[in-house]
Every structure is written in C-alpha cells, then in structure tokens.
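Taking it in order: structure first as structure tokens, then the write-up.
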Amino acid sequence: MPAISNSQSDAGGLWVSVAVAARRLGVAPATLRTWDRRYGLGPSQREGGSHRRYSVVDLARLDYMAALIRSGSSPAQAAATALAREFTPQECAPIATRPATVIEGGAAQGRIGGGNVVATPGGDRRTRGLAKSASAIDQTACASIISESLHDIGVISTWDELLMPVLKSIGDKWELRECGIEVEHVLSTAVQVELSAFAFKTATEANRGTVLLGAVAGDDHQLPLWAMGAALAEQGIRFVHLGGGLPLESLSDVISRTGPRGVFLWSQLEGSADADRLDGLPSLRPNPRIVIGGPGWRNTPPRGVHVADSLGAAVALMSEIIAD
Ligand code: B12
C-alpha cells in the first residue's frame, strides 16, 4: 500500500492539538514536547510557534514510537525507527477503523480508545459505564449513572471524577473523527438535565446570597455553569443560570436589577473572551464580586476579578464571597 504524506492527510483537514495528541496516546503533553525537542518527532503544523497541530501521519508516527517503547526499545532507538518509517493510509485511519499497532517480536500492544468505545484510561466502573452508554447512544443509562453518582458522591466529585474525564474523551474522539457529534449530544444533554434537576431540587433549601452564572457571548458551552449551580445549591447558595452566549450588556442589566453577591462567567472556546472588558461592568454598592473560569479567557483580568481553575476552587471562592 502506498505511503501517505502530510499534505495528503491535510486534505482530510484533521489536525489536532498537543493536548489531544497526548491524551490520545496516554502520555503527558510535556512528553510530546520532549520527543519533539530531543528526537524531532514534532507536529507538522506550526503557526508562529503557538498553534502546534499534529496531522494523522504525525499521530500514526507517535503511536508507533509509543508502541516501540512499550515493547522494549529506548526512546532514541524508537524515535529513529519511527522517523524512518512511512505510514499507509490504513495506518493513519481513525483508530476505530484501524488495526492495533503491533511490534513484531514485542509484547502484545493494547490500544487507547480502540473500537467505538470512548477511552477513559484509569476510569472506574461508572466512568467506563458512562463512556460506553454514550457511545451506544443509550441516554437513559447515561442519565441514571449521573444521577446515582450525584447522590452518592456529590456534585464536585461527580464533575471531577466522572463527567469531566468522559466529556474530554468524547471531545477528543470527536476532534479525531472517531465518533460523531451525536455521541457528544447524547452525553451533554444527559449531563445538563441531571445537573439542572439536582441543582433546582437542592436550591429549594438554599438561603445564602445569590450568584449569577453565565457563559460569554458567542459561547454555548454551559455544562460547567450547571455544575456550578448544582455545587452552589449543595452549599446552600442560591443561583440564577443566565445561559450561554450572554452579552456583557445583558449581564450589566441583570446585575443592576438584582444586586447579586457574586457573578461567575465561563468561557470555553479558545480566545472567545477578553478579560479586559470586565472593567465595563456596573459598580454597585455592595459591588458584586466577579469570578471567571474556563480555557477561553485572554488578557489579564482587571484588579478584583478572581480566576478559578476548577469547580471546587470556584465554589470555595463564591462561598467566601457570600460569607464576607
Ligand atoms: C459538550 C461540548 C459541546 C456542546 C455543549 C453543550 C452544552 N449544553 O454545554 C455543544 C454541542 C453545544 C458544543 C458546541 C461546540 N463545540 Co464543544 N465541546 C463540548 C465538550 C465535549 C465538553 C465541554 C465542557 O463542558 N468542558 C468542560 C471541561 C470538561 O473541560 P475544560 O474546560 O477543558 O476543563 C479544564 C478547565 O476549564 C478546568 N475546569 C473543568 N471544569 C471546570 C469547572 C469550573 C467551574 C472551573 C472554574 C474550571 C473547570 O479543568 C480543566 C483543566 O484540566 C468539549 C470537550 C472538552 N475537552 O471540553 C468540546 C469542545 C470545547 N468544543 C469544541 C468546539 C470546536 C465546538 C464547536 C465550535 C463545534 C462546531 N464546529 O460547531 C461548537 C461551538 C458552539 C459555541 N458557539 O459555543 C472544542 C473547542 C476547541 C477550542 N480550541 O476551543 C472542544 C474542546 C472539542 C474538541 N476537542 O475539539 N460543544
């Protein structure tokens, strides 16, 4: 079978980030950067050094390098062999349709994310069950696994240990064209429905402060907001979910009308929100405290705006703000 070049793989338009390539291989992003620096096994696409993207050929080569290391080669030997090798279109096909990488004479190789099941390395029974149910388009099973977890271990652990890993795996699989958008929709709808049901049921007992929740204009990713709402309600804090795609002008208006104690703003899509613009929010007395989160923020936020890097951290900050 003829080998495939990067320009051919580009025709498919499939270029993935370092984070996705690393998760796909089950190694840290730092390991991929080291393989690039030391052995020249880097991404084919580099835009001004910032947007580094791996092609399907790069991924096949990295997969091969990882398999050689697992079968006993040193990284330097594995890199030299992987760089010298050419890859057939079949070897560069989406994982679901390609045979496992097997090194002759080496140990049998497992493959991350094989078949149609979403990879959740190290996942427990529930994580595997949720990934499997989403892949099998069994939304009822997804909902009952999520609901059971919320009741057993609470919102923050359910988000960190169950929902986040499966959402990320499915996002990666979608980016790698190994599953369709329908799998993501089956899962995200079940997540949204279960988190919101839990949030509103728990909020009937909540009597501390009020926090406004919203995602920035142009961004429809709302699941972390539902996780925030449910986790705040668990702490007895009231919330109002203002949804995704929220223009700052609308947020300013709600702040003026309701005088909340805190505001949490989410931005998911890379570069979708400018933290500088938060300076324009109305000053009221008492001033609502602003917390921002998500990978989409650019620029340094104005003084007084807090940045949270996890659900637990955001809820802890809001709890302190309400207690002030
Ligand atoms: C579900 C989902 C959707 C759903 C959202 C449904 C809903 N009701 O919210 C729908 C289908 C609408 C959707 C649409 C799109 N999506 Co989408 N989506 C996702 C998915 C699978 C999960 C999103 C999520 O909830 N992430 C939250 C957590 C799980 O992830 P995280 O932010 O990376 O977590 C980090 C931190 O933020 C922090 N953290 C985690 N949780 C929390 C919580 C709080 C409170 C805090 C403070 C911090 C924190 O910890 C992590 C650090 O390790 C992601 C995959 C992914 N990796 O996130 C793609 C993803 C975000 N989507 C993506 C894309 C490209 C899109 C679309 C542009 C696709 C398209 N072509 O139409 C549209 C954009 C629509 C829009 N205008 O916003 C890309 C974004 C790439 C980028 N460079 O920004 C992703 C990463 C998929 C991928 N691998 O390519 N999406």
Side-chain angles (χ1 to χ4, degrees), residues 13-24 28-29 47 50-54 113 118-120 127 130-131 134-135 142 146 155-196 199 211 213-232 234-235 239 241 243-246 262-273 290-298 301 305-319:
L14 183 54
W15 293 91
V16 302
S17 61
V18 180
V20 169
R23 282 204 289 273
R24 154 81 183 71
E47 282 166 25
S50 57
H51 290 95
R52 297 149 56 84
R53 297 264 156 190
Y54 289 85
V118 173
T120 48
T127 315
L130 184 59
S135 304
C142 292
I146 297 166
V155 178
I156 294 177
S157 300
T158 295
W159 180 254
D160 287 347
E161 292 160 28
L162 175 67
L163 302 180
M164 222 170 63
V166 182
L167 283 166
K168 284 185 172 218
S169 295
I170 285 191
D172 290 356
K173 273 214 143 199
W174 170 77
E175 194 179 341
L176 286 159
R177 311 241 174 100
E178 290 171 5
C179 76
I181 196 66
E182 71 287 351
V183 175
E184 189 174 301
H185 286 183
V186 164
L187 176 68
S188 57
T189 304
V191 173
Q192 178 155 333
V193 166
E194 288 306 320
L195 283 173
S196 58
V211 172
L213 307 171
V216 298
D219 204 325
D220 293 335
H221 294 87
Q222 304 184 30
L223 302 182
L225 298 178
W226 286 115
M228 269 298 275
L232 289 171
E234 239 181 3
Q235 304 283 318
F239 71 90
H241 188 302
L246 182 69
V263 173
F264 176 75
L265 268 184
W266 180 258
S267 167
Q268 180 80 51
L269 293 172
E270 215 173 285
S272 68
I290 316 273
V291 178
I292 61 174
W297 290 97
R298 58 194 151 80
V305 172
H306 303 267
V307 182
D309 62 1
S310 70
L311 177 59
V315 172
L317 271 166
M318 280 303 176
S319 207

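Order of appearance sets the numbers: ligands from 1, and atoms from 1 within every ligand. Predicted, not measured: the structure shown is a model, and the values here were computed from it.
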**OP:** Look at atom 42 (C) of ligand 1 and say which protein heavy atom is nearest, naming residue and atom and giving the distance to 0.1 Å.
**Re:** Trp159 NE1, 3.6 Å

Original post:
Taking only heavy atoms of Glu175, which atoms of ligand 1 are found under 4.0 Å from at least one of them?
Top reply: 88 (C), 89 (N), 90 (O)

Subject >> Interatomic distance, Met318 atom CE to Leu232 atom CG [nearest 0.5 angstrom] >> reply: 7.0 Å

Original post:
Do ligand 1 and Gly218 have nitrogen or oxygen atoms that lie under 3.5 Å from each other?
Top reply: yes

**OP:** Record the part of Leu163 in heavy-atom contact with ligand 1 below 4.0 Å; permitted values are side chain, backbone, both and neither.
**Re:** neither

Subject >> Protein contact of atom 21 (C) of ligand 1 - nearest heavy atom, named by residue and atom, plus distance >> reply: Leu167 O, 3.5 Å

Subject >> Minimal non-hydrogen separation, Phe264 against Gly293, with atom names >> reply: CE1-N, 3.9 Å

Subject >> 4.5 Å side-chain heavy-atom contact, Leu311 and Met228 >> reply: yes

Original post:
Between CG of Leu130 and CG of Leu163, what distance do you get to the nearest 0.5 Å?
Top reply: 6.5 Å

Original post:
Where is the nearest protein heavy atom to atom 78 (O) of ligand 1: which residue, which atom, and how far?
Top reply: Asp220 N, 2.7 Å

**OP:** For Cys142 and Val186, work out which heavy atoms get closest and say how close.
**Re:** SG-CG1, 4.4 Å

Subject >> Protein contact for atom 40 (C) of ligand 1 (heavy atom, distance under 4.0 Å) >> reply: yes

**OP:** Can you pull out the closest protein heavy atom to atom 80 (C) of ligand 1? Residue, atom name and distance to 0.1 Å, please.
**Re:** Leu269 CD2, 3.8 Å

Subject >> Contacting atoms of ligand 1, where contact means under 4.0 angstrom from a heavy atom of Asp219 >> reply: 78 (O)

Original post:
Just to confirm, does any protein heavy atom lie below 4.0 Å from atom 86 (C) of ligand 1?
Top reply: no

Original post:
Quick one: which of Ala19, Ala314, Ser310 has a heavy atom closest to atom 46 (C) of ligand 1?
Top reply: Ser310

Subject >> Sidechain-backbone polar pair: Glu184 side chain, Gly171 backbone, donor-acceptor under 3.5 Å >> reply: no

Original post:
Nearest protein heavy atom to atom 9 (O) of ligand 1, by residue and atom, and its distance?
Top reply: Gln222 N, 2.7 Å

Subject >> Residue portion contacting ligand 1 (non-hydrogen atoms closer than 4.0 Å) for Ser188 >> reply: side chain

Original post:
atom 71 (N) of ligand 1: which protein heavy atom is closest, and how many Å away?
Top reply: Trp174 CH2, 4.4 Å

Subject >> Nearest-0.5 Å distance, CD1 of residue Ile170 to CG of residue Leu187 >> reply: 4.5 Å

Original post:
Quick one: which ligand 1 atoms are inside 4.0 Å of a heavy atom on Pro224?
Top reply: 25 (O), 27 (C)

Original post:
Would Ile181 and Trp174 satisfy side chain to side chain contact (heavy atoms under 4.5 Å, CB included), going step by step from the backbone distance to the final call?
Top reply: CA-CA 6 Å; Ile181 196 66; Trp174 170 77; 3.5 Å; yes

Original post:
Looking at Asp219 and Ser267, what are the two nearest heavy atoms and their distance?
Top reply: OD2-C, 3.6 Å

Original post:
Are Trp226 and His241 an aromatic pair by the rule of ring centers under 6.0 Å?
Top reply: yes

Original post:
If every non-hydrogen atom of Ser310 is compared with every non-hydrogen atom of Ala313, which pair is closest and at what distance?
Top reply: OG-N, 3.0 Å

**OP:** From atom 24 (C) of ligand 1, work out which of Met318, Glu270, Lys168, Gln268 has a heavy atom at the shortest distance.
**Re:** Gln268

Original post:
Which one of Ile146, Leu225, Leu223 satisfies the side-chain contact (heavy atoms from CB on, under 4.5 Å) criterion with Gln192?
Top reply: Leu223

**OP:** Ignoring hydrogens, tell whether any protein atom lies closer than 4.0 Å to atom 54 (C) of ligand 1; use the non-hydrogen atoms only.
**Re:** no

**OP:** Taking all heavy atoms of Pro301 and all of Val307, pick out the closest pair and write down the distance.
**Re:** CG-CG2, 3.7 Å

Original post:
Short check: is a protein heavy atom less than 4.0 Å from atom 36 (C) of ligand 1?
Top reply: no

Subject >> Shortest non-hydrogen contact between Pro165 and Asp160, atoms and distance >> reply: CD-O, 3.3 Å

Original post:
Against heavy atoms of Ala308, which atoms of ligand 1 measure under 4.0 Å?
Top reply: 47 (C)

**OP:** Tell me, please: is Trp266 in heavy-atom contact with ligand 1, that is, under 4.0 Å?
**Re:** yes

Original post:
Any idea which part of Gln192 is under 4.0 Å from ligand 1, heavy-atom wise: side chain, backbone, both or neither?
Top reply: side chain

**OP:** Determine which of the N, O or S atoms in His221 is closest to atom 17 (Co) of ligand 1 and give its atom name.
**Re:** NE2

**OP:** Identify, by atom number and element, the atoms of ligand 1 in contact range of Phe264, meaning under 4.0 Å from any of its heavy atoms.
**Re:** 45 (C), 47 (C)

Subject >> Donor-acceptor under 3.5 Å (Ser319 side chain, Ala316 main chain) >> reply: no

Original post:
Looking only at N/O atoms, are Gly293 and ligand 1 under 3.5 Å apart anywhere?
Top reply: no

**OP:** Identify, by atom number and element, the atoms of ligand 1 in contact range of Asp309, meaning under 4.0 Å from any of its heavy atoms.
**Re:** 38 (C), 48 (C), 50 (O)

Original post:
Any ion pair linking Glu175 and Arg53 (charged N to carboxylate O, less than 4.0 Å)?
Top reply: yes

Original post:
Would you say atom 67 (C) of ligand 1 touches the protein, meaning some protein heavy atom is under 4.0 Å from it?
Top reply: no

**OP:** Kindly state if atom 12 (C) of ligand 1 has a protein heavy atom within a strict 4.0 Å cut-off, that is, under 4.0 Å?
**Re:** no

Original post:
Which ligand 1 atoms are under 4.0 Å away from a heavy-atom of His185?
Top reply: 11 (C)

Original post:
In the protein, what heavy atom is nearest to atom 4 (C) of ligand 1, and what distance, to one decimal place, separates them?
Top reply: Glu184 OE2, 3.7 Å

**OP:** Please test Trp266 against Leu246 for side chain to side chain contact (heavy atoms under 4.5 Å, CB included), starting from the C-alpha separation and ending with a verdict.
**Re:** CA-CA 10 Å; Trp266 180 258; Leu246 182 69; over 6 Å; no

**OP:** Would you mind running through ligand 1 and noting each atom that sits below 4.0 Å from a heavy atom of Pro295?
**Re:** 32 (O), 37 (O)

**OP:** Can you pull out the closest protein heavy atom to atom 29 (C) of ligand 1? Residue, atom name and distance to 0.1 Å, please.
**Re:** Met164 CG, 3.1 Å

**OP:** Step by step, work out the side chain to side chain contact (heavy atoms under 4.5 Å, CB included) result for His306 and Ile292.
**Re:** CA-CA 6 Å; His306 303 267; Ile292 61 174; over 6 Å; no

